[in-house]
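Values below: every heavy atom of this structure, side chains too, minus hydrogens, waters and symmetry copies. Just so it is clear: chains get the letters A, B, ... in the order the sequence lines come, proteins before strands, and each one is counted from 1.
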Amino acid sequence: MITKTVLIKDTTPGSTSGTKEFFDVFTAALRESKLADEIRLVRAADIGVYNHGIVLKILPDNITYANVQHHDIKRIIGVTLKHGNPIKDLLYQPRAYQLRLVLKNCGRIDPESIDDYIAHDGYRALSAALQAGPDTVIREITASGLRGRGGGGFPTGLKWSMTRSTPGNEKYMICNADEGDPGAYMDRSVLEGDPHAVIEGMLIAGFAIGASQGYFYIRAEYPLAIERVQKAIDQAHAYGLVGERIFGSDFSMDLEIRLGAGAFVCGEETALIASIEGKRGTPSPRPPYPSVKGLWGKPTCINNVETLANVPSIIRNGSAWFSRIGTENSKGTKVFAVTGKVRNSGLIEVPMGTTLRDIVFEIGGGTASGKRFKAVQTGGPSGGVIPEHLLDTPVDYDNLQKLGSIMGSGGMIVMDEDDCMVDIAKFYLKFCVDESCGKCAPCRIGGYQMLNLLENISRGNATLEDLERLRLIAKAMQKASLCGLGQTAANPVLSTLRYFEDEYREHILNRRCPSKKCTALLQFIIDRSRCKKCGLCARSCPEKAITGDKEHGYTIDTARCINCGMCFETCKFGAVERN
Amino acid sequence: MAALTADDLAAIASRIHDQNASWIRVGMSTCGIAAGAERVYAALEDELQRQGAGVQLKKCGCLGMCAAEPLVEVNIAGMPRVIYCRVDEACARDIVRGHVCGGKLLQDYIIDMQSEDAS
Amino acid sequence: MDQAALETARTIIEKWRPKKGNLIMILHDVQDAFGYIPPDIARYLARTLHIPLARIYEVLTFYHYFKLQPPGKYKISVCMGTACYLKGSPSLLQELKNILNVEEGQTTKDGMFYLESVRCLGCCGLSPALAVNETVHGTLTKSDVIDIVSQYAKEA
Ligand SMILES: Cc1cc2nc3c(=O)[nH]c(=O)nc-3n(C[C@H](O)[C@H](O)[C@H](O)COP(=O)(O)O)c2cc1C
Ligand code: FES
């Protein structure tokens, strides 16, 4: 009869056979102790702990041991497996935990079944809210300290009470599911994994502000999210949870989906409103704020998906419960999409105040390749990079802003030594230039000029004065642009300049790209000793700059080479060198 | 259907909880599907039927470990609840034969994470 | 314009007519039905909805998502979001350009493949990624690209 299970994983970086070896030794030890029929040993693929040697997890006791040595096996068998007692000096002390509030149902319930959601406390909060009345709801949300998860961090309770107190009997609630930050997908995951939570949040918000119509603005690139939200709305409708007289009360509210159409600026609230109205998504000056004059000129409240997904559990568990989690000015948890060069790319949810280092190294497992970590980027095209020496900063709205980045919607992109900061700055700026709606000059012209300067730097055609020019234009854009897009577009440039100016200088002064990314600064040559004369490079060259034949080998004509790097990537033998 | 009242919620909840003894869940969000979750789901469904195992098979959203998709979580009465990662069709069938019917956990596929669920 | 197309457009308009601010949703449905926004349909919309044609094109050209040319049978969207960019999606795109002999925004001569780059497919955990129509393929290397293309070419 099996009584316990032991999961085994060697978490030493680069180790390939450690798990198996330890498993075999442990198996033999169990046989010796005549426990082979009672203890089940399992090699795990991943145990959620990294760089802690051999890690064991014992079930059902839920004991985790780290840095276990072969000579510990006897003790573990004697003390823990036989008698269920933990061994103190082996216990793993996690530095960081995930805490899943928003994601608690994601991956746990069937998103296409309203009954499953109800079985997990679903729609209780709505029912309670309707009984408590709008003022109590707003008071609870305000007291919880919940701030907008869409990037700005505006206090949600305040936004609701402002919209509620604007006179008018026609008001609108909008859920911002445009998720424009490239490299982030928190909102998609919530909509696909737990759509009813967002709907419930929408209904509670609508009830609080006095709206009878709500819109989901979802980007068209998320077909599955759209399908699941529509299905969820239909199911809620069938149960009378959306529509007329919800739960038999006087409150009625309808929900409808509107689709984005591939414009990043439509995530900005005034542009989003224009888009729902069927127009070009160009922003308009604020004030008036949407809470006063929004959709079709009526008071409107716009909240992000994750903000709304927090609402039901706050109402259910109370504001005190929520405000115990997090830091002084940033309550609750935050979902991050940790991607890029990290080992575990995926979605994580941590309490506010968790340090960046814990997110990247403890939970994310460090860089995938084992190469040196260089920076983490938060806030997408409106944010900035944070270098290694600042990784111990606890994540919250104010701290990230102080570092020249922003919390943003939750994208967190890990970069290693292969990533060039000039190239990254160029990438984000190009994104903003492409997405600028063109309405205001600082953003339209400033962005374009900055991009030109960066282009010159990455080609080695710049001077040190250009760095000053970049800073000058950036300041103008921050001060004079009409909307958040232009005001923040320069952030990636400014923050890379702030922390990695050396790298910029290296490009300018020595015409060298330390990360070997800026191909214009590289020279490609074929190393004859490694060349196998296969000719693949010659075929891949778009400029036919590689000549030779299978007998004599190949050479690159540097005069014709456009430095595209195709040959470098194509060669299977590493015979193309770039310097 | 008549509009729900607050009391109906509890009734629905207890009905669902009753059926929840043994189950298999497959992560079927965009990332899971991109990694092949639909094929895995089909293989599980087919193998469960072949073995005549009375286990509830469910689709669900994303657990967050996208790089390790497709993810399959298995809860069989009397055994630890575990998540298998990078599951392919062959592994899916092994899960049914080995874990569900044979009472054995599969080697080299289990993934675990350090997290706390809040209520 | 053929009768069937007209009928499709009419049904779409009727579905959305009662809703306020419906233009973008109508354009979405038209694109779903035809794969792009045919000029004839745009004119028909202008006439039926009583809005100037210029307003329709003003909206159409603002949003990247709407297409004015018929795309190929398979639309290949290479993700150029940050995560995919860092993990090498530019070389996937280049490889596709070479294989298909088209540039971004173009369709192959046989009308089979349309190539574009997009922002983020929301699949960053599996970067680099690309989508063929609505099917996402993740964790790709340059050599996977040719397999994907030939798999679809075979299916057609
Ligand atoms: C250029 C730009 C893009 C934005 N994109 C998004 C987005 O994709 N999703 C989002 O929720 N908020 C986005 N925002 C923030 C919204 O304008 C708005 O602040 C937010 O939706 C409010 O919701 P919250 O208070 O719940 O955060 C963007 C803002 C700007 C300036
Ligand atoms: S960056 Fe490519 S899917 Fe998000």
Side-chain angles (χ1 to χ4, degrees), chain A residues 179-185 187-189 219-225 256-264 266 275-282 295-296 337-341 344-347 377 380-381 411 413-416 418-419 424 427-428 431 434-435 437 540 542 564-566 569-570, chain C residues 16 19-29 31-32 49 51 55-67 77 79-92 94-95 97-98 116-127 131 133-136 138-139 141-143:
Chain A
E179 194 150 64
D181 175 1
Y185 57 103
D187 296 347
R188 170 182 72 70
S189 199
R219 59 195 296 242
E221 291 86 342
Y222 286 176
L224 188 63
E256 196 181 312
I257 295 179
R258 288 298 170 97
L259 302 185
F264 172 65
C266 285
S275 183
I276 293 185
E277 290 173 350
K279 298 191 260 195
R280 286 170 79 106
T282 44
L295 190 59
W296 291 300
V338 187
T339 62
K341 300 289 180 67
N344 288 333
S345 37
L347 279 194
Q377 207 277 355
I413 292 171
V414 176
M415 299 172 187
D416 68 15
D418 288 344
D419 298 312
I424 295 297
F427 171 83
Y428 280 114
F431 180 91
D434 287 348
E435 292 297 337
C437 74
S540 79
C564 69
M566 282 307 280
E569 282 175 26
T570 306
Chain C
W16 286 101
K19 307 265 188 200
K20 265 168 132 182
N22 50 18
L23 179 58
I24 291 175
M25 295 309 284
I26 290 176
L27 293 173
H28 269 295
D29 281 1
Q31 180 153 309
D32 280 349
L49 294 166
I51 35 181
R55 261 228 52 219
I56 294 185
Y57 274 89
E58 177 194 27
V59 169
L60 274 180
T61 52
F62 179 83
Y63 294 99
H64 298 295
Y65 195 79
F66 295 125
K67 303 212 163 11
S77 317
C79 178
M80 283 289 166
T82 322
C84 292
Y85 177 81
L86 287 182
K87 298 265 239 98
S89 64
S91 77
L92 301 183
Q94 186 58 45
E95 183 74 1
K97 287 182 186 171
N98 292 351
E116 65 175 3
S117 68
V118 293
R119 289 306 188 212
C120 172
L121 294 167
C123 232
C124 326
L126 295 174
S127 57
N133 293 343
E134 285 185 359
T135 308
V136 179
T139 335
T141 60
K142 217 172 89 180
S143 53

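With chain C as the partner, the residue from A:Gly183, A:Gly380, A:Pro542, A:Cys437 showing the most heavy-atom pairs under 4.5 Å is A:Gly183. Among the candidates A:Thr339, A:Val414, A:Leu259, A:Ile257, the residue making the largest number of heavy-atom pairs closer than 4.5 Å to chain C is A:Leu259. Between chain C and the options A:Glu569, A:Glu221, A:Met415, heavy-atom pairs under 4.5 Å are most frequent for A:Glu569. Ranking C:Phe66, C:Tyr65, C:Phe62 against chain A, the residue ahead of the rest is C:Phe62, based on heavy-atom pairs under 4.5 Å. The residue among C:Gly122, C:Gly81, C:Gly88, C:Cys123 with the most heavy atom pairs within less than 4.5 Å of chain A is C:Gly122. For chain C, the option among A:Trp296, A:Tyr428, A:Phe431 with the highest count of heavy-atom pairs below 4.5 Å is A:Trp296. In terms of heavy-atom pairs under 4.5 Å with chain C, the best-connected choice from A:Lys341, A:Arg258, A:Met566 is A:Arg258.
Considering all non-hydrogen atoms of both residues, A:Phe264 and A:Pro381 come closest at CZ-CG, 4.1 Å. Between C:Ala83 and A:Ile413, the closest heavy-atom pair is N-CD1, 4.2 Å.
Of the N and O atoms on the side chains of A:Glu179 and A:Tyr222, at least one donor lies less than 3.5 Å from an acceptor on the other residue.
For A:Asp434, the parts lying under 4.5 angstrom from a heavy atom of chain C are both the backbone and the side chain. Heavy atoms closer than 4.5 Å to chain C are found nowhere in A:Ala225, neither backbone nor side chain. For a residue to count as touching a neighbouring chain, one of its non-hydrogen atoms must lie under 4.5 Å from one of that chain's; by this rule A:Arg280 touches chain C with backbone and side chain alike. Both the backbone and the side chain of A:Ala220 come within contact range of chain C, judged by heavy atoms closer than 4.5 Å. For C:Glu134, the part lying near chain A is the side chain, with the backbone staying farther off; criterion is any non-hydrogen pair under 4.5 Å. Looking at C:Leu86, the atoms closer than 4.5 Å to chain A (heavy atoms on both sides) sit in the backbone and in the side chain alike. For A:Cys266, the part lying under 4.5 angstrom from a heavy atom of chain C is the side chain only. For C:Lys20, the parts lying near chain A are the backbone and the side chain together; criterion is any non-hydrogen pair under 4.5 Å. Residue contact with chain C, scored on non-hydrogen atoms closer than 4.5 Å, involves the backbone of A:Ile276 exclusively.
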Given side-chain contact (heavy atoms from CB on, under 4.5 Å), test A:Thr570 with C:Lys142 step by step and report yes or no. CA-CA 9 Å; A:Thr570 306; C:Lys142 217 172 89 180; 3.4 Å; yes
Derivation and outcome, side-chain contact (heavy atoms from CB on, under 4.5 Å), residues A:Asn344 and A:Val338: CA-CA 8 Å; A:Asn344 288 333; A:Val338 187; over 6 Å; no
Pair C:Val136, C:Leu126 - check side-chain contact (heavy atoms from CB on, under 4.5 Å), show working. CA-CA 10 Å; C:Val136 179; C:Leu126 295 174; over 6 Å; no
Stepwise side-chain contact (heavy atoms from CB on, under 4.5 Å) check, C:Tyr85 with C:Thr82: CA-CA 5 Å; C:Tyr85 177 81; C:Thr82 322; 5.5 Å; no
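Using a 4.5 Å cut-off on side-chain heavy atoms (C-beta onward), C:Ile24 and A:Ser275 make contact. Residues C:His64 and A:Glu435 form a side-chain contact, since some pair of their non-hydrogen atoms from C-beta on lies under 4.5 Å apart.
Taking SG of C:Cys120 as the start and CG of A:Asp181 as the end, the distance is 7.5 Å to the nearest 0.5 Å.
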